[in-house]
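Here's the structure, in structure tokens; my notes come after.
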Amino acid sequence: MNGVQGALKCLSLLSSDLDDATVPQLVTVLFPCLHEIVSSPQIYDKYLRAKALSIVYSCISLLGAVSGVFKSQTSGMVKSILNPWINEFTAILKEPVPSEDPDDWSVRMEVIKCLNQLIQNFSSLIQGDLTVIMGPFWQTFVSSLGVYVRSSVEGVEDSYEEQRYDSDGAEMGLESFVIQMFEFLLAVVGNSKLVKVIMNHLKELVYYSIAFLQMTEQQAHTWAVNANEFVANEDDLTYSCRVSGALLLEELVSSCGEEGIIAIVEAAERRIAESQQEKGADSAVWWRMREAALFALSSVSEHLLEDEVSGGKVGKLIEQMVTEDIKTGVHEYPFLYARMFSSVGKFSSVISHEVRDNFLYAAIKAISSDVPVPVKVGACQALSQLLPDANEGTIMPHIVGLFSSLRGLLSQASDETLHMVLETMHAAVTAGCKASAAIEPIVSPVILNTWASHVSDPFVSSDVIEILEAIKNAPGCIHPLVSRILPFVGPIVNKPQEQPDGLVAGSLDLLTMLLKNAPIDVVKTIHGICFNAVIHISLKSEDHAELQNATECLAAFVAGGRQEILAWGGDSGSTMQCLLDVASRLLDPSLESSGSFFVGTYILQLILHLPSQMAQHIWDLAAALVRRMQSAQISELRSSLLLIFARLVHMSLPNVDQFINLLINVPAEGSENAFVYVMSEWTKQQGEIQGSYQIKVTTTALAFLLSTKHPELDKINVQGHLIDSASGITTRSKAKLAPDRWTVMPLPKKILALLADALIEIQEQVPGGDNEDSDWEEIEAVDTEKEVDFLYSTGAMPSGRARYDHLEAMAKAFDRDDGDEDNLFSVSADPINEINLSNYLIDFLVKFSQSNRDLFHWLLQDLTHAQRNAIQAILS
């Protein structure tokens with residue numbers, strides 16, 4: 001026996017280092033021996049059987065890892081050994097789970113791990129056996145619940161949870177065993193072919209799963225004294241039975257749709273009713289099942305709220321329950337209170353105004369009272385979600401007290417709870433903006449202290465700046481806030497070499513926030529203290545974070561100060577030269593791309609607000625932009641520089657030909673001239689450009705270039721369409737040997753193709769645009785031969801009014817504010833932002849097609865089927 005134990009231990013250690021050459025040879029010899037051990041409980045104890053199963057698991061895992069390359073070989077090998085193991089697995093799982101027997105749990109856990117690997121990597125092989133396996137697995141799953149509740153939830157039996165390991169250091173805990181069962185169910189539910197096996201038992205599966213979500217005795221003890229652990233669990237940052245169970249419920253909804261939603265709602269109702277009976281029977285743990293049911297519903301809240309019937313039903317269920325449970329003692333049932341708060345927040349849209357207002361008041365009261373920490377956590381979660389939609393009359397009487405309480409929480413917050421408190425603070429500032437002038441002196445100092453303490457933490461720093469920006473935007477707050485921040489930030493940026501890491505970059509970020517959309521007098525005040533310092537940092541700093549933030553800060557100065565910024569320094573020529581020097585450094589091809597990341601944003605502001613001064617330097621600017629583009633390692637940087645070229649096209653109107661001639665005379669390494677290089681890059685990257693404003697500028701600029709019919713356009717060939725590979729799945733090795741191949745097409749044809757792509761993209765954004773019966777789809781039935789002849793047709797379409805309505809919807813869909821306009825600055829000052837791109841493209845293509853029908857006919861020839869359909873739709 002000792003020899004077997006030693007051999008298994010040795011194989012267990014080696015199994016994790018086996019490779020694809022060793023395992024196939026080993027499996028055929030080793031697996032019969034391992035099966036002999038596992039199937040002989042009368043000879044070998046549970047420890048040895050579990051160890052043998054762990055080796056089986058390692059081998060199956062490796063076979064699964066190489067199955068993508070050696071599919072037929074691995075599938076054949078697994079198929080040849082599968083049947084005896086399936087029989088053994090079912091024999092092990094069919095017996096009820098015993099209490100206080102971690103060795104038995106370990107055996108079952110290894111079995112489930114093996115099954116999980118088989119499902120993930122060899123699902124077609126195990127599909128026929130799954131119905132046989134699920135019965136015994138269900139016996140293990142259901143019988144383990146009683147053991148789990150007694151051992152972990154109620155704590156009346158030894159759960160072996162505290163550092164219970166075998167002699168090799170492997171976990172033997174009950175919770176690890178339950179998590180593996182959830183992992184197995186996740187694998188089954190996530191497989192579209194295998195999920196059918198459990199569809200008839202969906203409601204029972206959810207019913208038992210909710211019971212596993214109950215808070216354990218150990219969790220209740222830990223979370224009561226450690227808020228960090230509680231918050232981490234709430235954010236799904238821990239590895240636990242609750243988190244695994246919640247993931248299973250989410251997967252059930254994703255895979256089973258309406259049936260999954262109904263199963264979850266009905267199971268939650270059953271569990272809540274049972275908890276009510278336990279409460280009536282004076283059970284000490286009645287609240288645990290109630291809390292678990294709320295936790296289950298909250299974990300799929302987004303799906304439930306999307307379903308009107310289920311959402312309304314859940315809203316009434318929660319409303320009825322919390323109205324009753326709020327009368328219980330907060331100190332006796334702190335975790336139930338915490339869950340009620342967060343649940344009301346998540347389901348606020350389907351809960352009555354009266355209940356919402358009551359819980360809003362209760363949450364405000366909770367964070368200022370002497371209540372357990374979990375209750376304050378739940379109250380903060382509720383406030384973050386209830387405050388944005390709360391009635392002003394409900395909030396204002398309590399706003400000052402709320403901020404005082406949040407200030408106290410902030411001073412006590414740890415790294416884990418800080419984000420939650422800041423999120424609540426932001427919601428409170430936004431909701432109480434009318435009283436912000438009164439609360440600014442209360443909130444701003446502690447927020448600034450938090451910023452200073454966490455300036456190197458990008459997440460905390462971002463949260464703090466959002467709060468300060470909300471304060472700044474509140475009536476009557478910007479001037480006192482600037483007066484509070486400038487004396488602190490000014491010395492930092494003026495003496496950057498003396499500051500600790502991160503403080504200069506953070507201060508520049510803070511200045512940018514203050515400058516953004518600020519009144520001109522505020523911009524001038526900040527300019528007097530910080531402008532020269534920011535220029536100096538932009539020209540001298542080698543720190544990329546400082547360079548990026550200084551670039552954004554200067555862009556904000558230009559956007560806010562406009563022409564007046566040149567006069568504030570006394571010598572307008574000197575100020576302009578400083579701005580150009582910064583642009584020159586950022587466009588230096590020797591500077592790393594990350595340091596130049598926001599140069600596009602900066603130059604765009606110079607062009608928009610100092611156009612006459614920039615017009616004198618167009619040739620130099622174009623040459624520098626080309627050099628920077630050629631050395632750029634980041635695609636987003638190249639896209640931002642292309643936006644500048646597009647904006648320069650607009651600046652050159654109505655003499656776009658002159659701008660083309662200018663680029664022809666600018667050299668570009670590796671290309672005939674800058675125009676050839678720029679258009680080659682532009683046509684490659686146009687489809688990657690993001691943001692409504694950016695797309696408007698670049699798309700309309702391409703149309704202007706095409707409309708010139710400049711002879712140079714016809715001389716340039718650019719990347720056309722991707723040539724489809726007929727060789728099946730493209731692996732990495734195949735991609736290296738045979739990279740993507742593209743057609744080559746004349747530049748005018750490519751520009752027209754990109755304009756058609758823009759139309760297609762706009763159409764896809766129309767609600768119902770993907771409807772198979774839409775007007776747009778009907779066009780696809782048009783014969784290919786007729787797709788060019790439509791140019792010569794004068795007949796109107798029967799559905800002309802429908803077509804007009806559809807195009808109007810296209811215009812509205814694209815013109816919606818996408819919230820990312822230039823990321824930092826409003827571009828409302830740019831007239832291009834007012835363009836309705838859909839209408840513009842329609843008007844342009846109609847006029848362009850009529851201006852030279854033969855040319856337009858030629859341009860259409862190389863377009864794809866979808867691109868020709870898009871153009872036909874608007875010209876018919």
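Note that the structure is predicted; figures quoted are calculated from it, not measured.
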[X] and [Y]: which non-hydrogen atoms are nearest, and at how many Å?
X	Y	value
G600	I644	O-CD1, 3.3 Å
S639	Q685	OG-NE2, 2.7 Å
A756	L863	CB-CD2, 4.5 Å
L515	A556	CB-CB, 3.7 Å
V489	S507	CG1-CB, 3.7 Å

Whether [X] side chain and [Y] backbone form a donor-acceptor pair below 3.5 Å:
X	Y	result
E681	M679	no
S849	F856	no
S461	P458	no
T430	H426	yes
K472	K516	yes
T683	S680	yes
N655	Q658	no

Flag for [Y]-[X]: side-chain donor and acceptor within less than 3.5 Å:
X	Y	answer
Q563	Q613	yes
E552	T601	no
D463	H419	yes

Quick one: side chains of residues 518-537, donor-acceptor pairs under 3.5 Å with protein atoms, not counting sequence neighbours, listed by atom name and distance.
from, atom 1, to, atom 2, distance (Å)
D521, OD2, H479, NE2, 2.8
T525, OG1, D521, O, 2.9

What's the verdict on side-chain contact (heavy atoms from CB on, under 4.5 Å) for T698 and W682, showing C-alpha distance, side-chain angles and the deciding distance?
CA-CA 9 Å; T698 53; W682 190 344; 4.0 Å; yes

Give, for atom CD of Q548 and atom OG1 of T551, the distance between the pair rounded to the nearest 0.5 Å.
7.5 Å

Would you mind writing out the side-chain donor-acceptor pairs for residues 579-587 within the sub-3.5 Å range, not counting sequence neighbours?
from, atom 1, to, atom 2, distance (Å)
D581, OD1, Q577, NE2, 2.9
R585, NH1, S538, O, 2.9
R585, NH1, L539, O, 3.3
R585, NH1, S541, O, 2.9
R585, NH2, S541, O, 2.9
R585, NH2, E542, OE2, 3.3

Close side-chain approach of K540 and P496, heavy atoms under 4.5 Å
no

